[in-house]
Protein chains: 2
Amino acid sequence: MASSTEGNTRPVRLADIAKAAGVSHGTASNVFSRPEIVREEVRERVKAAAEAMGYAGPDPKGRLLRAGKVNAIGVATTEPLSYFFEDPFARTMMAGISEACDATGAGIALVSAGNEEKLAWNIQSALVDGFILFCIEGGLRLVELTRERKLPFVALELGFDDDTVSAIGVDNVAGARLAAHHLAKLGHRRFAVLSLPFADDRTGPVSPEQVRTAVYPGTRDRLVGYFEALSRFGIDTAGIPVYETENDEASTRAGLETIFASAEPPTAILAMSDRIAMVAIEWLAARGIAVPGDVSVIGFDGVPDAALCNPPLTTIAQPIAEIGRRAARTILDFDGTVRRETLGVELVVRASSGSPPKTA
Amino acid sequence: MASSTEGNTRPVRLADIAKAAGVSHGTASNVFSRPEIVREEVRERVKAAAEAMGYAGPDPKGRLLRAGKVNAIGVATTEPLSYFFEDPFARTMMAGISEACDATGAGIALVSAGNEEKLAWNIQSALVDGFILFCIEGGLRLVELTRERKLPFVALELGFDDDTVSAIGVDNVAGARLAAHHLAKLGHRRFAVLSLPFADDRTGPVSPEQVRTAVYPGTRDRLVGYFEALSRFGIDTAGIPVYETENDEASTRAGLETIFASAEPPTAILAMSDRIAMVAIEWLAARGIAVPGDVSVIGFDGVPDAALCNPPLTTIAQPIAEIGRRAARTILDFDGTVRRETLGVELVVRASSGSPPKTA
DNA sequence: GGCTAAAATTGGATCGATTCAAAAATACAC
DNA sequence: GTGTATTTTTGAATCGATCCAATTTTAGCC
């Protein structure tokens, strides 16, 4: 109905209005991209023609090819797209990325896909100037896929061992050491670890052998840090149960069931993420186990929610938003070099950790 | 250093490897887009040439121009980009949009900008097949800007009066009626309204005159709903203080200060968003005013956080994620028609509302 | 009016691919 | 060995703009 929404046939190109206005396509182009260099009378004539023919303005598809730059950065993950809006860690990271993008006026393109094949296609065809990779599960594959594009990219979080890829993350060993040291110093001697995945698609108790061959360096480093600190307190780390979760509710609960089925349950839980820690706190509360009265819990990440849960979570805080900002800048100001940054972490003591019970 | 990251000179085009492999560019193109139709021997030769020359695969920029479809939908707002990841309402909406996009393999491009001019440019140059508009402040302008692109788009939330634009939202009048009715039925007689903006860049107490000329229909409708329901209880709506906030902490607090400075403060607060309501609850708690003992608070939206605050918030729940899903589908399955949908809302009674105090 | 400098306009080349009708190569049958 | 059917390959046309060197117009001045 309305003259503006024909919706059917619509091949109005710049060349069409150029012809209609009786000027060359060069001039027509200038009317839109550098209006100041075309004579007013001509400019108005072209604009009028554009208006009359329902021209939508220069099509960015055409401009893109010539210009080369998209002015958007892609953020990719193997998780579903909703991960970006639901996971607290991802959200905080995205807020940091957003900030850097806002500052330069760049856009953000979210890339993800259900299956491998679609993911590959989506990465190959994403219209972006570079990628930030959320290397959760399948991070290695994600890096490989992205490398094919030969665009700048930076891996987040899991410090990739591969020195040829740019990465920004934290010192996981140091952070984990801080966490374990905090609890050991409070007097704890019986620990359990609720871990992030060591490799793709695994879950369950972990043997030392499996730890050694861990695919995800971040997970491995955190465990190394825990054990290093505990060893210094004379604790036999070989006896500490390590349960691998998928950083979700179901697998964490399963881990807790296993761990607390033991004859000598732990008085302290080292959780490799705040999400795991918060599920643990909830599970313990539901079982009538006091936190930190009976069991202390420490998380890892320092997501905003951790301060709000009950009791507030003691955790190792990463500068999440800052990592995001730096990642975005790495792409935005790409200079052709590999950039690997390790940021510091911080122990944030809240109410979920305390001395072990006297009876224990 | 690494052969893959030269980063400097890199104009390897499909045509280059075609020449190197001694085939036409048509055949070279087929090797990547329809490998099954080219003879194996040739296919391998071309692939080898591509590998040798460090070809990154067909550049999507080139393909795009020919193909026409981007396979991504743009989500635009006048707020900063971080809004998508920080605001609970936006997040829930985005989760719904994500779901629909995941299902069809489409990507999401986030569009925003600090100032008007940049926003216009970003919308004009966004590489997307259509837009979903978060019409918060400046929604009208956003719609105008987007209309220029002549791509399918749908406005969210604020039921646009303009019947020529597709929109998905809820029945604000009905929802507000539900809210006011709930509180009035509990016995409340002294109300205050903490409102969303009525027009761009405003804040402060609102006169009836201003309400009538409200620019944002959503805000207006909610107020109409409140007043309608209260009138039925014989309450003089003209005496109800309406304070316009910007849906943020500062302006909401300012509103509360004003409202509770009155000689006869309200026993019930009608907040037009959960965010406002949650700030109000916090503010009241800090002043030692019991919720719902002294003052009842009801929100609007039904964001997930509302169930977790203390006390849990009574609110009017919109099917936020469903709105998002439908909006995305409207773009993805665009058929050239204007689509306007109004979804139902639901009163969710939690602990923030109760009978007014006896003394009042 | 004639001349020069400055401003505006032109139109071909380019960005990097895909498409498709026509031509060439190969396979098969007799 | 020839003719037909089938599979491959070719190369010009197209997608929609921007850029820029060359050309044409206009402006300014004597």
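The model shown is predicted, which means the values in this text are computed figures rather than measured ones. Note on naming: letters A, B, ... go to the chains in the order of the sequence lines (proteins, then strands), and numbering restarts at 1 for each one.
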I need the Thr330(A) OG1 to Ile323(A) CD1 distance, nearest 0.5 Å. 11.5 Å
Glu116(A) meets the side-chain hydrogen bond (donor to acceptor under 3.5 Å, both in side chains) criterion, sequence neighbours left out, with Arg141(A)
Report the distance from atom CG of Leu145(A) to atom CG of Leu119(A), rounding to the nearest 0.5 Å. 5.5 Å
Once side-chain hydrogen bond (donor to acceptor under 3.5 Å, both in side chains) is applied, do any residues pair with Arg339(A), and if so which ones, sequence neighbours excluded? Asp335(A)
Would you mind checking if Glu322(A) and Arg325(A) are paired as a salt bridge, meaning a charged N to carboxylate O distance below 4.0 Å? yes
Contacts of type side-chain hydrogen bond (donor to acceptor under 3.5 Å, both in side chains), residue Asp333(A), not counting sequence neighbours: none
Which residues share a ring pair (Phe, Tyr, Trp, His ring centres under 6.0 Å) with Phe84(A), sequence neighbours left out: Phe134(A)
Of all residues at least two apart in sequence or in a different chain, which pass the side-chain hydrogen bond (donor to acceptor under 3.5 Å, both in side chains) check with Arg39(A)? Glu41(A)
Nearest-Å distance, NZ (Lys69(B)) to P (dT18(C))? 18 Å
Rounding to a whole Å, what distance do you find between Arg13(B):CZ and dC15(C):C1'? 9 Å
Between CD of Glu36(A) and P of dA8(C) the distance, given in whole Å, is 10 Å
Begin from the C-alpha positions of Glu40(A) and Arg43(A) and carry the test salt bridge (Lys or Arg N to Asp or Glu O under 4.0 Å) through to its verdict. CA-CA 5 Å; Glu40(A) 173 159 1; Arg43(A) 198 193 316 150; 5.1 Å; no
Touch check for Tyr55(A), heavy atoms < 4.0 angstrom, all strands: base, sugar-phosphate only, or nothing? sugar-phosphate
Range on DNA chain D touched by chain B - first to last nucleotide, heavy-atom distance under 4.0 Å: dT8(D) to dG16(D)
Mind listing the side-chain donor-acceptor pairs of residues 68-79 of chain B below 3.5 Å, one per line with the distance, residues two or more places apart or on another chain?
residue	atom	partner	partner atom	Å
Asn71(B)	ND2	Gly105(B)	O	3.4
Thr77(B)	OG1	Glu79(B)	N	3.0
Thr78(B)	OG1	Glu137(B)	O	2.7

Which residues satisfy the ring pair (Phe, Tyr, Trp, His ring centres under 6.0 Å) test with Phe153(A), sequence neighbours excluded? none
For dT10(C), does either OP1 or OP2 sit under 4.0 Å from a side-chain N or O belonging to Thr27(A)? yes
Roughly how far, to the nearest 0.5 Å, is the CG atom of Leu65(B) from the NZ atom of Lys61(A)? 8.0 Å
For the helix from dG1(C)-dC30(D) to dC30(C)-dG1(D), how many degrees between its two end axes (five pairs per end), to the nearest 10°? 40°
With the threshold set at under 4.0 Å for non-hydrogen atoms, list the residues of residues 15-22 of chain B touching DNA chain C in residue-number order. none
Can you pull every protein N or O that's under 3.5 Å from an N or O on nucleotides 19-25 of chain C?
residue	atom	partner	partner atom	Å
dT19(C)	O4'	Arg66(B)	NH1	2.8

Can you tell which of dG16(C), dT10(C), dT18(C) lies closest to the side chain of Leu14(B)? dT18(C)
Report all side-chain donor-acceptor pairs from residues 18-34 of chain A shorter than 3.5 Å, counting only partners two or more places apart or in another chain.
residue	atom	partner	partner atom	Å
Ser24(A)	OG	Gly26(A)	N	3.4
Ser24(A)	OG	Thr27(A)	N	3.2
Ser24(A)	OG	Thr27(A)	OG1	3.4
Asn30(A)	OD1	Arg34(A)	NH1	3.1
Asn30(A)	ND2	Gly26(A)	O	3.4
Ser33(A)	OG	Ser29(A)	O	3.0

If each of Pro58(A) and Val38(B) is mapped to the nucleotide of DNA chain D with the nearest heavy atom, which maps nearer the 5' terminus, i.e. the 5' end? Val38(B)
